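Heads up: the structure comes next, in structure tokens.
Everything numeric here is computed off the predicted structure, so don't read it as measured data. In this chain, residues are counted from 1 in sequence order.
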Amino acid sequence: MPLLARSLKPGGQGLAEQASLTTTNSRTHDETRQIFQMKLYSTHNRETRVTFERAVFQSLPADGGLYMPQVIPALAPSFLASLPARSFQEIALEVSRTLLGDDIPEAALKNIIDQAVDFPAPVVKLDPDTYALELFHGPSMAFKDFGARFMSRVMAYFLQKERKRIHILVATSGDTGGAVAMGFYEVPDIEVTILYPSGKVSPIQEKQLTTLGGNISALEVEGTFDDCQRLVKQAFLDPSLNEALNLSSANSINIARLIPQTFYYFNAYAQLRKAGDDRPVVFSVPSGNFGNLTAGLIARRMGLPVRKFIASTNINDEVPRYLRSGVFDPRPSMHTLSNAMDVGNPSNFARMLDLFNHDVHQMNAGISGYSFTDEQTLETIRAVAAGRDYVVCPHTAVAYAGLKRFLAETGTGELAGIFLSTAHPCKFPGVYDAGTKAKLTYPPQARALENKQKEAVLMDNDFGAFKQILMKDR
């Protein structure tokens, strides 16, 4: 199956359709380079103003909101038009430089990009209207490598400058844990504690986050991902813990996770244009905590021409239901085969609401939402393997199913659909039937885990117990 533009590049047609998507708080690229320094506010209080550095380390505002950029600058049309001639790293550098302005000097930012984005994100054509964006070629075999590796190096840059230490807390429903563990492993001046729900991550996912040791610790929580996320949020709002440990987060609540996730949207669009596909583009995003889709929305606000985003979920379908009803009704998460998306109260929904001014009609204009059962997920996996000779993980299968439903409903045949392939299928061997499993490949990253031993502390989902574990050696 041919790869499109493995050298990672695109072209900028269709920019006129983006004009209506750029808000009045956007600035042109040239203006940004002269005057811009990133400031952020809380989704609970737009009068909040903090620096990027403070937002990175504080992660969560004291009022319980999430940080958002005061200004989302627009990329220059000339840059967007030049995308086919640029490497993935060049695209990432320009996007991050435009967002961050002078917060990180260009030479240091280039070094961060070169270290963090050192593996490809190729687009694979499955049929005339359908492309897979493979985001699993990094060390943990999941899209979250981009965010974790960028964030760890940004933090290391600021820590070296400030001569201080921090303690990272992160909740994972699957892939975040491995990406953070590998992205932060042996990074100086950073300790990491990862919380994951017992029995609700795959064996490979569990090994990725429990076998490194060193500055990486794992807590196996008897409960759900929502319990893990609640414990992390409680810790950030606890003054004594923050004072003792200097806490920060590597979940997608941290703005530094979202910035690098914008890179591959630009790069995917680039690859299609380089390959000669000039049709309007739609992206189907498998969604749990909605950080990945939020990053795509930020990319569009910066000027990326995207006709529509598709929020594809499993039965944890709070956002698709909101798009239909206008009522956000979070519920306890339910366990599914696409475990990394088992989120009942997605944190980044607050950012989505902020981007669309809390207007469900505006959000519906930019996003369509679909949800799928485990049975539909398995049916999709089998159909893609049989019909395309291509194996997808259960999360990716949900994205594929969402894209196909959207394309069937639009009925135009004039759109180029890209679904995000967020994890390597080998991480979920128990999902596949014998015929599909025979088609699985195991990259070196997976084989390296075979003989490693799990090290994790089992705990209940009580905050007092969690705090005691964190403060044990203090």
Contact list for [range], test salt bridge (charged side-chain N to carboxylate O under 4.0 Å, His left out), sequence neighbours left out:
range: residues 279-298; result: Asp129-Arg279, Asp277-Arg279
range: residues 109-124; result: Lys110-Asp114, Asp118-Arg149
range: residues 323-351; result: Arg321-Asp329, Asp329-Arg331
range: residues 392-419; result: Asp127-Lys404

Exercise. Please determine, by modelled atom types, if Ser284 and Ser312 share a side-chain donor-acceptor pair under 3.5 angstrom.
Key: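 Judged by distance alone, the side chains do pair up.
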Check: Going by atom types alone, do Arg153 and Tyr157 pair a side-chain donor with an acceptor below 3.5 Å?
Finding: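 No donor-acceptor contact under 3.5 Å links the two side chains.
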Heavy-atom side-chain contact between [X] and [Y] under 4.5 Å:
X: Ile72; Y: Met302; value: yes
X: Leu83; Y: Ile91; value: yes
X: Phe184; Y: Val170; value: no
X: Met151; Y: Asn254; value: yes
X: Ser371; Y: Ile315; value: no
X: Met155; Y: Ser248; value: yes
X: Ser368; Y: Tyr370; value: yes
X: Leu60; Y: Leu66; value: yes

Applying ring-ring contact (aromatic ring centres under 6.0 Å, His included), which residue pairs with at least one partner in residues 431-451 are found, sequence neighbours left out?
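Qualifying pairs, neighbours excluded: none.
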For a quick test of reading the model, state the closest non-hydrogen atom pair linking [X] to [Y] and the distance between them.
X: Gly183; Y: Ser152; answer: O-OG, 3.0 Å
X: Lys308; Y: Ile367; answer: CE-C, 3.6 Å
X: Met38; Y: Ile259; answer: CE-CD1, 4.4 Å
X: Thr176; Y: Ala250; answer: CG2-O, 4.5 Å
X: Gly65; Y: Pro61; answer: O-CD, 3.0 Å

Under a 3.5 Å distance rule, please check whether [X] uses its side chain to pair with a backbone N or O of [Y] as donor and acceptor.
X: Asn289; Y: Ser347; result: yes
X: Thr396; Y: Thr422; result: yes
X: Ser421; Y: Glu134; result: no
X: Ser333; Y: Val343; result: no
X: Glu90; Y: Ser87; result: yes
X: Asp359; Y: Phe356; result: no
X: Thr210; Y: Ala218; result: no
X: Arg301; Y: Leu355; result: yes

Roughly how far, to the nearest 0.5 Å, is the [atom2] atom of [Y] from the [atom1] atom of [X]?
X: Thr336; Y: Asp374; atom1: OG1; atom2: CG; result: 5.0 Å
X: Ser287; Y: Leu420; atom1: OG; atom2: CG; result: 9.0 Å
X: Lys439; Y: Asp389; atom1: NZ; atom2: CG; result: 4.5 Å
X: Phe283; Y: Tyr131; atom1: CZ; atom2: OH; result: 12.0 Å
X: Leu135; Y: Asp145; atom1: CG; atom2: CG; result: 10.0 Å

Practice item. Might you work through the side chain to side chain contact (heavy atoms under 4.5 Å, CB included) test for Arg86 and Ser82, ending with a clear yes or no? Key: CA-CA 7 Å; Arg86 295 181 181 270; Ser82 73; 2.7 Å; yes
Exactly one of Val306, Val285, Ile418 should register a side chain to side chain contact (heavy atoms under 4.5 Å, CB included) with Tyr265. Which one does?
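Testing each of Val306, Val285, Ile418 against Tyr265, the sole residue satisfying side chain to side chain contact (heavy atoms under 4.5 Å, CB included) is Val285.
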Please determine which of Thr294, Leu293, Val319 meets the side chain to side chain contact (heavy atoms under 4.5 Å, CB included) test together with Asn348.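 That would be Thr294.
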TODO: For Tyr264 and Phe146, run ring pair (Phe, Tyr, Trp, His ring centres under 6.0 Å): C-alpha distance rounded to whole Å, both residues' side-chain angles, the deciding distance at 0.1 Å, then the answer.
DONE: CA-CA 9 Å; Tyr264 45 73; Phe146 290 97; 5.1 Å; yes
Using the ring-ring contact (aromatic ring centres under 6.0 Å, His included) criterion, which residues pair with [X]? Sequence neighbours excluded.
X: Phe225; value: none
X: Phe328; value: Phe349
X: Phe263; value: Phe150
X: Phe372; value: none

Quiz item: Which of these, Phe143, Phe136, Phe428, sits in a ring pair (Phe, Tyr, Trp, His ring centres under 6.0 Å) with His395?
Solution: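 Checked Phe143, Phe136, Phe428 against His395; only one passes ring pair (Phe, Tyr, Trp, His ring centres under 6.0 Å): Phe428.
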inquiry  = Per the side chain to side chain donor-acceptor pair (under 3.5 Å) rule, what does the pair list look like for residues 197-208, sequence neighbours excluded?
reply    =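 Sorted result for residues 197-208: Asp175-Gln205, Tyr196-Glu206, Ser198-Glu220, Ser202-Gln205, Gln205-Asn339, Glu206-Lys454, Gln208-Lys427.
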Assess the residue pair Asp354 and Tyr41 against the criterion (side-chain hydrogen bond (donor to acceptor under 3.5 Å, both in side chains)); give the C-alpha distance rounded to whole Å, side-chain angles, the decisive distance to 0.1 Å, and a yes or no.
CA-CA 11 Å; Asp354 189 81; Tyr41 61 84; 2.5 Å; yes
Inset, instruction - Report the C-alpha distance between Met341 and Val398 in whole Å, list the side-chain angles of each, state the deciding distance to 0.1 Å, and finish with yes or no for side chain to side chain contact (heavy atoms under 4.5 Å, CB included). - result: CA-CA 10 Å; Met341 295 155 52; Val398 170; 3.8 Å; yes
Which donor-acceptor pairs under 3.5 Å do the side chains of residues 377-386 make with protein atoms, sequence neighbours left out?
residue, atom, partner, partner atom, Å
Thr377, OG1, Thr373, O, 2.9
Thr380, OG1, Gln376, O, 2.9

Step-by-step side chain to side chain contact (heavy atoms under 4.5 Å, CB included) determination, Ile168 to Ser249 = CA-CA 5 Å; Ile168 296 284; Ser249 173; 5.8 Å; no
**Asked** Can you name the salt bridge (charged side-chain N to carboxylate O under 4.0 Å, His left out) partners of Asp103, sequence neighbours left out?
**Response**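 With neighbours one apart ignored, the set is empty.
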